[in-house]
Amino acid sequence: MSCEQDAETGHALGCFRDRLKRLIRVEPLLDLLHFLEPDRKDRIKAKFREEGDISAAAFLIDEIIHSKNYEQGWSRELITALETVGCKHAAKYVLNSPPEPTEEAENDSCVRLIDLLQLTLVSMKTADVCAHCRALGLLTPEDQENIMKLTENQGNIGGARLLLKRLVKNEAGWFSKFLQALEDTEHHDLVRELRGEPCNEDGEAMSVETVEEGEQTCLETMPVLPPVLSANSSLLSEDLDSSVDSGGLCTSADNEEVDMYKEVEEEEEEDLTEDDDPSEESKSNIVLRDYQMEVARPALEEKNIIICLPTGSGKTRVAVYITKEHLERKKQTGQPGKVVVLVNKVPLVEQHYKAEFGRFLKHQYSVERVSGASQLKISFPQIIEQNDIIICTAQILENSLAKAKNGDEDGIKLSQFTLMVIDECHHTKKGGVYNHIMIRYLKQKHQNQLLKKQEKSPVPLPQILGLTASPGVGGAMSQQMAEEHILQVISTLPSGIASSASDPFGDVIKKIMDKIHKHADLKLLCEPGTQNYEQWVVQKEQNAAKEENQMVRVCAEHLRQYNEALHQSNTIRMSDAFRFLDKYHNEELKTKSSPDEEGTITITDTERFLFTLFKDNKAKLQELMGKPQYENNSLAQLKTNILKEFSTREMARGIIFPQTRLSAIALCQWIQENPKFDEVGVRASYLIGGGDQSVVKPMTAAEQKDVLNKFRDGQINLLIATTVAEEGLDIAECNFVIRYCLVTNEIAMIQARGRGRAEDSSYTLVAEAGSGVAERESVNEYREKMMSTAIAKVCKMNRADYEKKTREFQMQAIMEEKVKIKKKQRKGMMKEPPSKISLSCRQCSVSVCSGEDIEKIENMHHVNVTKQFSKLFTVRENASLQERLLDYETNGVIACKNCGQQWGSMMLYKSIECPCLHIKNFVVTYSSKKKTFSKWSELPIKFPAFDYTQHADLLVEDSGEEDMETD
């Protein structure tokens, strides 16, 4: 996995080189890159001193891309270093998770704006702004120290320039935080300058009333600014699911009889003059600026979004436009449309009616406002029924929803609306009236998911449009607290970061993992269930093995299994994830008992804690896996797609590409056990690779061939295949391809899609919302376009230039191959004698043998046939016997007598039993340093060939002596 990550990171560095060189801060980064050799670092530092940060960053990227000698796992070190020095924006590009193109363009606009207004901005009080930016997480402690030092040495302007230079390297969203820092330090004039707010002749900002009532004029005079958070940022959701735990929030109003016009807080009504005579143009046309249209677009596509725009930049105007388009679309399709606009204060009801919704829409639609100050004599349900657009305070709606829940005829339901606009949506806090309404929404959303799984009709719910100038940070004094506040705001709306419905099965696994983290005192750096967590825990296990810290090592090994189970529960069935964990623990328990000498293997306190922890939670996991309502949504979507393909095609034949071998086998079993698939004629089988680098037994070449022949003949019409089927193998023509929770690169995407060779073939990606898979697929599509453009340009090249270029590359390839061969020969000559190394058990650290005891069979298998070594291990039955290969076969597993750790396998080579060692199960002491290796080839040691004759003679002599003793 690390090799693949390293290769992917190198590819990302090349693709995003031009952008990364402007985002990377070279000087602090170099101190954390231990995989770079000192002389390379010196060259990069010299480049930095001579030509500056951008040139040095470009040089650093080139050094990393073109060198092939770094240790495995260098990419994880690079990403961690980038995040540590405050280059999180750069880290996302390196992780191959760049922002959406629109978000990227908006961020670039913010950077250009800072550059244009730099002469004005350097007048700021640098020390105050710097302190606030640090509190908001925009600067690292080192940044703050450097800025303050420069301010002392070169004055306020010098420090301000460095501060601005550091700010623009942050990830998208920094602009709104910077505005907040300026606001908090009373730089109101600079804030107005950045927002483009108009000023009067004395330089003061216009009154709020003037901005609200004459917003069109205001917009015409302000520069075109990007939104602080666009519709394509992390606040956008294509899915209406939410991760809110409604059990911890109020979910219904009190049962007491309440006056529907009574507010929680009494508000003073402001005098607002209505624009009685709007122009004919304003009646008929609502013209949005480019950035406003950009943030409106997802809502026009009927997605739930939060629009986050600075004050005065026209959020309400965007909402009016979306409302108008929504009602027109409903009218064209012959469906009823009804919009409710919620505000949190009485004055805003009248303000939104007079300045915006009523002004632009009342000539076309019936618009009414309702608040505690309203003098209307009819009931709220009647107002809803008689009007297209209703502007009201949130409490009035909540009161009516509560009445409906209690069976009162004077109540209303959310299903009566098709669009809900929530003004100042950052007030959706726990316990607030907005929150009460949204919890009702989320509960019904969850019920709808259950209804869909039961193939029943869901209850219609309105589209959600949230409006805010800034989610704020809730008085947070650290980046973590600020992030938690933002997440709290998002979690109370059905928009924002999309996630699946409640996952109690995954929650139990995460609680187990948390207990293991505390037991081993491991500080968590990434979210469990992710690839990043997998890499982190593997690194922890390797380091613990070298340090002989057995408690951390065994905890890390168990955490790795739980992480895999989390991934499985998010992509395949919970029962598959449970069986995986149960099998692992059963096998681990078996290793703690010796078949010959019962009870001699030591079980440590940590192992006892881990076994007990799983045993205590086993019943709960078994209970949850039997509840289909908690199955992941991706599986339900996959089921829908398969049934659709086989129901709508006369001769359906397709391939599903999952992420792992285990997923392929589990999905195949799921399909075979589900009668719905059998009804539409699905005949499924799986196809996996032949390599032995997985917990799943590989397929032999004969087994692969048999499956492919059945697929070609039509005996099988649905193939669940790992990447073995993406290229190389001859797959029969199929008419649909589904990539299930799997994205690699654009090459694999094209190859997988190319398996659908029929004329009417389809290509589908099924992934969990928020997993990043869809985003990476978008990057691959973009790269595919780049590739097509490049191919077209190559085809149009001048013949002479083309031949010259190709010849250069051919000569380069030849020279590189020669250098590679020479390096390999030199490396072979430099191999050291076996006496330089010694092996110890990876789990209990007991000394095993010296390198001098090891010999090689067939130049591949490393064996130790000494009598001393035979006393250190036990032989257990091998669950999956390997097929006979050449003159040897595997008979059993050899394991440490002390702790039960597997060391390798027992080979039968020309009738002689030879213990074969697997290097990954040992810690190697080499030149007084402890190291771990995954392959023997990584060791620069030359082992002698196995002397079969000598060993056979010794066995004959020993046998003869035993016979004489018997006589």
Side-chain angles (χ1 to χ4, degrees), residues 1-26 28-38 40-41 44 56-99 169 171 524-543 546 556 560 563-564 567 659-660 693 723 742-749 771-773 775-777 779-780 783 920 931-935 938:
M1 189 65 74
S2 293
C3 289
E4 291 177 8
Q5 179 69 35
D6 291 346
E8 189 174 346
T9 300
H11 191 62
L13 286 170
C15 288
F16 301 117
R17 179 183 180 278
D18 288 341
R19 184 165 289 274
L20 283 169
K21 70 182 183 183
R22 300 180 185 280
L23 296 174
I24 291 175
R25 297 173 50 210
V26 173
L29 185 67
L30 285 175
D31 296 334
L32 301 176
L33 298 184
H34 305 299
F35 65 84
L36 276 179
E37 297 157 5
R40 290 177 187 266
K41 287 186 179 181
I44 296 165
F59 190 52
L60 167 64
I61 293 167
D62 292 340
E63 283 284 316
I64 294 173
I65 291 172
H66 296 132
S67 178
K68 307 293 182 185
N69 301 323
Y70 298 134
E71 289 185 9
Q72 186 175 316
W74 64 264
S75 58
R76 183 65 256 165
E77 186 179 315
L78 172 63
I79 292 161
T80 304
L82 285 169
E83 291 171 343
T84 304
V85 300
C87 297
K88 292 182 180 178
H89 197 31
K92 285 192 174 181
Y93 281 96
V94 176
L95 278 166
N96 199 8
S97 300
K169 292 183 185 287
E171 56 188 322
L524 199 60
L525 297 177
C526 40
E527 182 67 20
T530 62
Q531 188 177 340
N532 286 344
Y533 184 91
E534 168 83 7
Q535 293 169 348
W536 173 75
V537 82
V538 166
Q539 191 65 50
K540 285 289 180 187
E541 191 278 334
Q542 291 174 351
N543 292 341
K546 288 183 275 190
R560 191 177 177 187
N563 192 61
E564 174 62 26
H567 171 72
Q659 192 166 4
T660 63
Q693 300 298 317
T723 49
L742 170 69
V743 169
T744 47
N745 56 30
E746 72 279 10
I747 298 171
M749 180 190 77
S771 64
V773 172
E775 288 78 6
R776 287 179 65 189
E777 186 78 346
V779 173
N780 287 339
R783 287 179 179 167
K920 64 182 180 182
K931 297 184 177 182
T932 57
F933 298 91
S934 56
K935 297 177 182 177
E938 295 169 1

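Note that the structure is a prediction, hence the values are computed from the model and not measured. Any value given below was found using the heavy atoms of this structure, including those in side chains, with hydrogens, waters and symmetry copies removed.
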Problem set entry | From CG (Asp31) to OG1 (Thr84), nearest 0.5 Å | 11.5 Å
Exercise. Should we count CZ of Arg22 as having more than 12 external heavy atoms under 6.0 Å?
Worked result: no
Exercise. Could you walk me through whether Glu171 and Lys92 pass the salt bridge (charged side-chain N to carboxylate O under 4.0 Å, His left out) check?
Worked result: CA-CA 9 Å; Glu171 56 188 322; Lys92 285 192 174 181; 2.9 Å; yes
Problem set entry | Pairwise distance CD1(Ile44) to CG(Leu36) - rounded to 0.5 angstrom | 5.5 Å
For this session: Give, for atom CG of Leu32 and atom CG of Leu78, the distance between the pair rounded to the nearest 0.5 Å.
Result: 10.5 Å
Exercise. Can you tell me how far CG of Leu95 sits from CG of Leu82, rounded to the nearest 0.5 angstrom?
Worked result: 9.0 Å
For this session: Step through the shown structure and confirm whether more than 12 heavy atoms of other residues, nucleotides or ligands are within 6.0 Å of NZ on Lys169.
Result: yes
For this session: Output, in order, the C-alpha distance, side-chain angles, deciding distance and verdict of side chain to side chain contact (heavy atoms under 4.5 Å, CB included) for Asn563 and Val537.
Result: CA-CA 9 Å; Asn563 192 61; Val537 82; 5.7 Å; no
Exercise. Do you know which two heavy atoms are closest between Phe933 and Lys931, and how far apart they sit?
Worked result: CE1-CB, 3.8 Å
For this session: Determine the interplanar angle of the Trp536 and Tyr533 rings, folded into 0 to 90°, and report it as parallel if under 30°, tilted if 30 to 60°, perpendicular if over 60°.
Result: tilted
Exercise. Does Ala91 offer a backbone N or O that forms a donor-acceptor pair with the side chain of Glu83 under 3.5 Å?
Worked result: no
Exercise. Are Asp62 and Arg17 within salt-bridge range, i.e. N to O under 4.0 Å?
Worked result: yes
For this session: For residues Lys540 and Asn543, determine if any side-chain heavy atom of one lies less than 4.5 Å from a side-chain heavy atom of the other.
Result: no
Exercise. What closest approach, in Å, do Lys21 and Ala57 show between heavy atoms, and which atom pair accounts for it?
Worked result: O-CB, 3.5 Å
Exercise. For the atom pair NE2 (His89) and CG (Leu20), what is the distance rounded to the nearest 0.5 Å?
Worked result: 9.5 Å
Exercise. Roughly how far, to the nearest 0.5 Å, is the CD atom of Glu534 from the CD atom of Gln539?
Worked result: 12.0 Å
Exercise. Which word best sums up how the rings of Trp74 and Phe35 line up, parallel for under 30°, tilted for 30 to 60°, or perpendicular for over 60°?
Worked result: tilted
Exercise. Going through the distances and angles, do Leu60 and Leu30 end up as a side chain to side chain contact (heavy atoms under 4.5 Å, CB included)?
Worked result: CA-CA 9 Å; Leu60 167 64; Leu30 285 175; 4.3 Å; yes
Exercise. With distance as the sole test, does Arg25 use its side chain to make a donor-acceptor pair with the main-chain N or O of Gly86 at under 3.5 Å?
Worked result: no
Problem set entry | Donor-acceptor pair, side chain of Lys41 and main chain of Leu33, under 3.5 angstrom | yes
Exercise. Are Glu37 and Arg40 ion-paired here, with the side-chain N under 4.0 Å from a carboxylate O?
Worked result: yes
